[in-house]
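I have placed the structure first, in the form of structure tokens, so that the comments after it can refer back to it.
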Amino acid sequence: MGIYDFTVKDGKGGELSLKQYEGNVLLIVNTATGCGFTPQYKGLEDLYTRYHEKGFSILDFPCNQFAGQAPGTHEEITQFCQLRYHTTFPQLAKIDVNGENEDPLYTYLKKQRGGFLNSAIKWNFTKFLVDRKGQVVKRFAPTVTPQKLEASIVALL
């Protein structure tokens with residue numbers, strides 16, 4: 001099973017096949033609106049704006065598992081991000097990234113780039129970079145800012 005075999009929930013509860021992103025470079029991020037890393041939304045939007053036309057996309061998965069820092073409905077989270085950070089990249093349904101209710105996509109991502117005994121997502125804004133062939137090529141800690149990802153993204157485009 002590869003990344004394009006997964007289906008996730010969009011913000012309205014509908015199904016979204018990742019197959020539609022085949023051939024693109026993807027950055028998959030678990031986010032939160034009340035986190036110290038929340039200002040990274042600006043940097044993410046900057047990357048998306050610069051490279052989207054070249055085949056780059058960001059998949060934003062709000063996650064409330066870390067200190068309850070992503071409260072609210074999908075509509076409230078989306079409105080916050082669009083008003084404060086002018087985000088235009090896809091924001092998908094809120095998910096769990098660890099534990100018994102973790103989304104299968106995150107189980108896959110962690111197996112691809114988790115490392116032995118270090119696969120759990122530690123906090124909001126953990127980022128996974130996927131190449132045009134669907135390979136998960138890098139995992140970045142929450143402390144790695146979007147600006148520091150630019151060279152890795154450009155190399156894959």
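Contact between G134 and Y108 at its shortest, heavy atoms only, is O-OH, 4.4 Å. Between A32 and C63 the shortest heavy-atom distance is CB-O, 4.1 Å. In terms of heavy-atom proximity, D60 sits nearest to P62 at O-CD, 3.4 Å. Shown here for S152 and L129, the closest heavy-atom pair between the two residues is CB-CD2, 3.8 Å. Taking every heavy atom of both residues into account, K110 and S119 meet most closely at CD-O, 2.9 Å. Nearest approach of G43 to P146, heavy atoms of both residues: C-CB, 3.5 Å.
Residues L149 and F140 are in side-chain contact: their nearest non-hydrogen atoms beyond the backbone lie under 4.5 Å apart. The closest side-chain heavy-atom distance from R139 to Q112 is not below 4.5 Å. Residues S17 and Y4 are not in side-chain contact: their nearest non-hydrogen atoms beyond the backbone lie 4.5 Å or more apart. Between P142 and N124, the closest side-chain pair of non-hydrogen atoms is not below 4.5 Å. Looking only at side-chain heavy atoms (C-beta outward), Q40 and K127 come within less than 4.5 Å of each other. The side-chain heavy atoms of V97 and E102, taken from C-beta on, include no pair separated by under 4.5 Å. The closest side-chain heavy-atom distance from P104 to V8 is not below 4.5 Å.
Close placement of the Y41 and F125 rings is indicated, their centers lying within 6.0 Å of each other.
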| message | side-chain contact (heavy atoms from CB on, under 4.5 Å) for L27 and F89? Distances and angles first, verdict last. | response | CA-CA 11 Å; L27 187 66; F89 50 82; over 6 Å; no
| field | Evaluation steps, side-chain contact (heavy atoms from CB on, under 4.5 Å), between I3 and L109 | value | CA-CA 8 Å; I3 193 111; L109 291 170; 3.8 Å; yes
| query | Between L47 and E150, does a side-chain contact (heavy atoms from CB on, under 4.5 Å) hold up when you go through it step by step? | reply | CA-CA 7 Å; L47 289 173; E150 188 166 15; 3.9 Å; yes
| field | Derivation and outcome, side-chain contact (heavy atoms from CB on, under 4.5 Å), residues T145 and F37 | value | CA-CA 9 Å; T145 63; F37 297 120; over 6 Å; no
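A distance of 8.5 Å separates CG of L44 from CD of Q147, quoted to the nearest 0.5 Å. K9 NZ to L105 CG: the interatomic distance, rounded to the nearest 0.5 Å, is 14.0 Å. Rounding to the nearest 0.5 Å places OG1 of T87 at 11.5 Å from CG of D46. Here the NZ-CZ distance, from K19 to F6, works out to 13.5 Å after rounding to the nearest 0.5 Å. To the nearest 0.5 Å, atoms OG1 (T38) and CZ (F80) are separated by 6.0 Å. To the nearest 0.5 Å, the span separating CD1 on I58 from CD1 on I28 amounts to 11.0 Å.
Between Y51 and F56, the ring-plane angle classifies as perpendicular under the 30° and 60° cut-offs. Ring geometry, F66 versus W123: the interplanar angle falls from 30° to 60°, so the pair is classed tilted.
Side-chain N or O atoms of K54 include none that pairs as donor or acceptor with a backbone N or O of V154 at under 3.5 Å. K94 places a side-chain N or O within donor-acceptor distance of the main-chain N or O of A70, the cut-off being under 3.5 Å. Side-chain atoms of N24 never come within 3.5 Å of backbone atoms of L26 as a donor-acceptor pair (strictly under, hydrogens ignored). A donor-acceptor pair under 3.5 Å links the side-chain atoms of N30 to the main chain of T126, judged by distance alone. Looking at R113, its side chain does come within 3.5 Å of a backbone N or O of V136 through a donor-acceptor pair. Side chain of N64 to main chain of Q69: a donor-acceptor pair is present (N/O by atom type, distance under 3.5 Å, no hydrogens or angles).
Salt bridge status for K42 with E45: absent, with no side-chain N to carboxylate O gap under 4.0 Å.
Under a hydrophobic clustering in which Ile, Leu, Val, Met, Phe, Trp and Tyr are joined whenever their side-chain heavy atoms come within less than 4.5 Å, directly or via other members, I77 and V29 fall into different clusters. Under a hydrophobic clustering in which Ile, Leu, Val, Met, Phe, Trp and Tyr are joined whenever their side-chain heavy atoms come within less than 4.5 Å, directly or via other members, Y85 and L83 fall into different clusters.
Shown here is R84, whose CZ atom has no more than 12 heavy atoms of other residues, nucleotides or ligands within 6.0 Å. Other residues, nucleotides and ligands contribute over 12 non-hydrogen atoms within 6.0 Å of the CD atom of Q20.
In this model, no donor atom of one side chain and acceptor atom of the other lie less than 3.5 Å apart for E15 and T7. With 3.5 Å as the limit, one finds no donor-acceptor pair spanning the side chains of N98 and Q65.
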